Novice: 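Following this message is one structure expressed as structure tokens.
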Amino acid sequence: MSRYRPPRSAGTPLITPEGARRLRDELHELWHVRRPAVTQAVSEAAALGDRSENAEYIYGKKMLREIDSRVRFLRKRLEALKVVDQPPANRQKVYFSAEVSLEDEDGQCMTVRVVGPDEIDPKRRYISIDSPMARALLGKELDDEVVVRSPAGERSYWITAIDYPAS
């Protein structure tokens with residue numbers, strides 16, 4: 001059996017201004033702070049002599065590869081992303097960057113925000129626009145019933161509020 005897996009699609013190339021700022025901050029931190037520090041540590045470890053048995057040197061080189069890989073990814077991703085900084089003309093429907101309050105069949109309330117795949121944050125209830133829940137919500141209005149089909153089964157929700165927070 002082969003271990004080959006086709007590459008994942010990058011997802012919808014949309015991002016909020018807040019998410020773009022976080023990615024740019026991460027890129028800046030990696031390139032201007034962490035990479036120079038690791039490079040300095042690697043050069044100091046290399047000066048100690050035999051590199052084949054030098055754990056600091058080997059670990060530092062590995063860290064540089066990981067940092068460089070993440071930097072390449074962030075640069076490519078930031079080029080491809082479209083920052084959505086304006087709310088939609090019709091604020092009565094659910095679109096990208098909407099904060100949606102929902103009530104389920106049991107009367108439980110929750111609020112989710114529809115964001116790009118680079119901004120997913122379960123603690124803050126930020127869901128990807130590519131997720132089953134977001135796909136079910138898109139285009140719906142206040143008081144609409146939303147049926148979310150997921151591997152766990154179907155669940156029904158009612159939209160109780162729609163808001164577009166300022167970024």
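This chain uses plain numbering: 1 for the first residue, then up along the sequence. This structure is a prediction, so every number in the text was calculated from the model and none was measured.
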Novice: Do the non-hydrogen side-chain atoms of Thr111 and Glu99 ever get within less than 4.5 Å of each other?
Specialist: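 Touching, per the 4.5 Å side-chain cut-off.
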Novice: Step through the shown structure and confirm whether more than 12 heavy atoms of other residues, nucleotides or ligands are within 6.0 Å of CZ on Arg34.
Specialist: no
Novice: Taking Tyr95's backbone N and O only, do any of them form a donor-acceptor pair with Tyr164's side chain (distance below 3.5 Å, no angle check)?
Specialist: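 Yes.
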Novice: Could you tell me if the side chain of Val148 sits less than 4.5 Å from the side chain of Leu137, heavy atoms only?
Specialist: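 Contact flag for Leu137/Val148 side chains = no.
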Novice: Check for me whether Arg70 meets the cation-pi criterion with Trp31, that is, NZ or CZ under 6.0 Å from the six-membered ring centre and within 45 degrees of the ring axis.
Specialist: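 Pair Arg70/Trp31 does not count as cation-pi.
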Novice: Do any N or O atoms from the side chain of Thr12 and from the backbone of Leu14 form a donor-acceptor pair under 3.5 angstrom?
Specialist: no
Novice: Using a strict cut-off of less than 4.0 Å between a Lys/Arg side-chain nitrogen and an Asp/Glu carboxylate oxygen, indicate whether Arg124 and Glu18 qualify as a salt bridge.
Specialist: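 A salt bridge is present here (some side-chain N lies under 4.0 Å from a carboxylate O).
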Novice: Going by heavy atoms in the side chains, are Val94 and Val146 under 4.5 Å from each other?
Specialist: no
Novice: Taking all non-hydrogen atoms of both residues, which atom of Thr160 and which atom of Leu102 are closest, and how far apart?
Specialist: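 Nearest heavy atoms, Thr160 then Leu102: OG1-N, 3.9 Å.
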Novice: Taking side chain as C-beta onward, heavy atoms only, is Tyr126 less than 4.5 Å from Ile120?
Specialist: no
Novice: So, are Arg35 and Asp68 salt-bridged, with charged N and O less than 4.0 Å apart?
Specialist: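 Result for this pair is yes, salt bridge flagged.
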Novice: Counting neighbours of CD on Glu145 that are heavy atoms of other residues, nucleotides or ligands and sit closer than 6.0 Å, is the number greater than 12?
Specialist: yes
Novice: Might you point out which heavy atoms bring Ala80 and Pro13 nearest each other, and give the distance in Å?
Specialist: O-CB, 3.6 Å
Novice: Locate the shortest heavy-atom distance separating Ile58 from Ser52; write the atom from each residue and the value.
Specialist: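 The pair with the smallest heavy-atom distance is CD1-O, 3.6 Å.
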Novice: Determine whether Leu81 and Val84 fall in the same hydrophobic cluster, where Ile, Leu, Val, Met, Phe, Trp and Tyr are linked whenever their side-chain heavy atoms lie under 4.5 Å apart.
Specialist: no
Novice: For Lys93 versus Gly139, what's the shortest heavy-atom pair and its separation?
Specialist: CD-O, 3.6 Å
Novice: Indicate if Val115 and Ile162 have the same hydrophobic cluster label, given that clusters are the connected sets of ILVMFWY residues with side-chain heavy-atom separations under 4.5 angstrom.
Specialist: no
Novice: Return the minimal non-hydrogen interatomic distance between Asp130 and Arg135, and the atom names on each side.
Specialist: O-NE, 3.4 Å
Novice: If the threshold is 4.0 Å, N to carboxylate O, is there a salt bridge linking Glu154 and Arg149?
Specialist: yes
Novice: Mind checking whether Ile15 and Lys82 have side chains closer than 4.5 Å, heavy atoms only?
Specialist: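 With C-beta onward as the side chain, the pair stays apart.
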Novice: Of all heavy-atom pairs between Ser128 and Ala134, which one has the smallest distance, and what is that distance?
Specialist: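 Here Ser128 and Ala134 meet closest at O-CB, 3.1 Å.
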Novice: Check whether Asp104 reaches the backbone of Asp106 with its side chain - one donor and one acceptor, N or O, closer than 3.5 Å.
Specialist: yes
Novice: Just wondering, do Val147 and Arg155 contact through their side chains at under 4.5 Å, heavy atoms?
Specialist: no
Novice: Side chains of Asp144 and Trp158, heavy atoms from C-beta outward: is any pair under 4.5 Å?
Specialist: no
Novice: Between Phe73 and Val38, is there a shared hydrophobic cluster once you connect ILVMFWY residues whose side-chain heavy atoms come closer than 4.5 Å?
Specialist: yes
Novice: Could you tell me whether Lys62 and Glu66 have a side-chain N and a carboxylate O separated by less than 4.0 Å?
Specialist: yes
Novice: To the nearest 0.5 Å, what is the distance between OG on Ser69 and CG on Leu64?
Specialist: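 The OG atom of Ser69 sits 12.0 Å away from the CG atom of Leu64.
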Novice: So, the side chain of Arg125 versus the backbone of Arg113: is there a donor-acceptor pair under 3.5 Å, distance only?
Specialist: no
Novice: Would you kindly confirm whether Ile67 and Leu23 end up in one hydrophobic cluster when ILVMFWY residues are joined by side chain heavy atoms under 4.5 Å apart?
Specialist: yes
Novice: Grouping I, L, V, M, F, W and Y whenever their side-chain heavy atoms are under 4.5 Å apart, do Leu74 and Val83 come out in a common cluster?
Specialist: yes
Novice: What distance do Arg22 atom CZ and Arg24 atom CZ have between them, rounded to the nearest 0.5 Å?
Specialist: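 Rounded to the nearest 0.5 Å, the CZ-CZ separation comes to 11.5 Å.
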Novice: Look up atom CD in Glu26 and atom CG in Leu78, then write down how far apart they are to the nearest 0.5 Å.
Specialist: 9.5 Å
Novice: Between Val100 and Asp163, does a side chain to side chain contact (heavy atoms under 4.5 Å, CB included) hold up when you go through it step by step?
Specialist: CA-CA 6 Å; Val100 184; Asp163 186 33; over 6 Å; no
Novice: Under 3.5 Å, side chain of Asn54 to main-chain N/O of Ala45, donor-acceptor pair present?
Specialist: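 Yes.
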Novice: Under the 3.5 angstrom rule, does the side chain of Glu103 hit a backbone N or O of Cys109 as a donor-acceptor pair?
Specialist: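 The answer is no, because no donor-acceptor pair under 3.5 Å joins these two groups.
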Novice: Please examine the side chains of Val42 and Lys61, heavy atoms only from C-beta on, and report whether any two atoms are closer than 4.5 Å.
Specialist: yes
Novice: Taking Glu119 for its side chain and Thr16 for its backbone only, find out whether a donor-acceptor pair lies under 3.5 Å.
Specialist: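 Yes.
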Novice: Please check if atom CD in Glu105 has more than 12 non-hydrogen atoms from other residues, nucleotides or ligands closer than 6.0 Å.
Specialist: yes
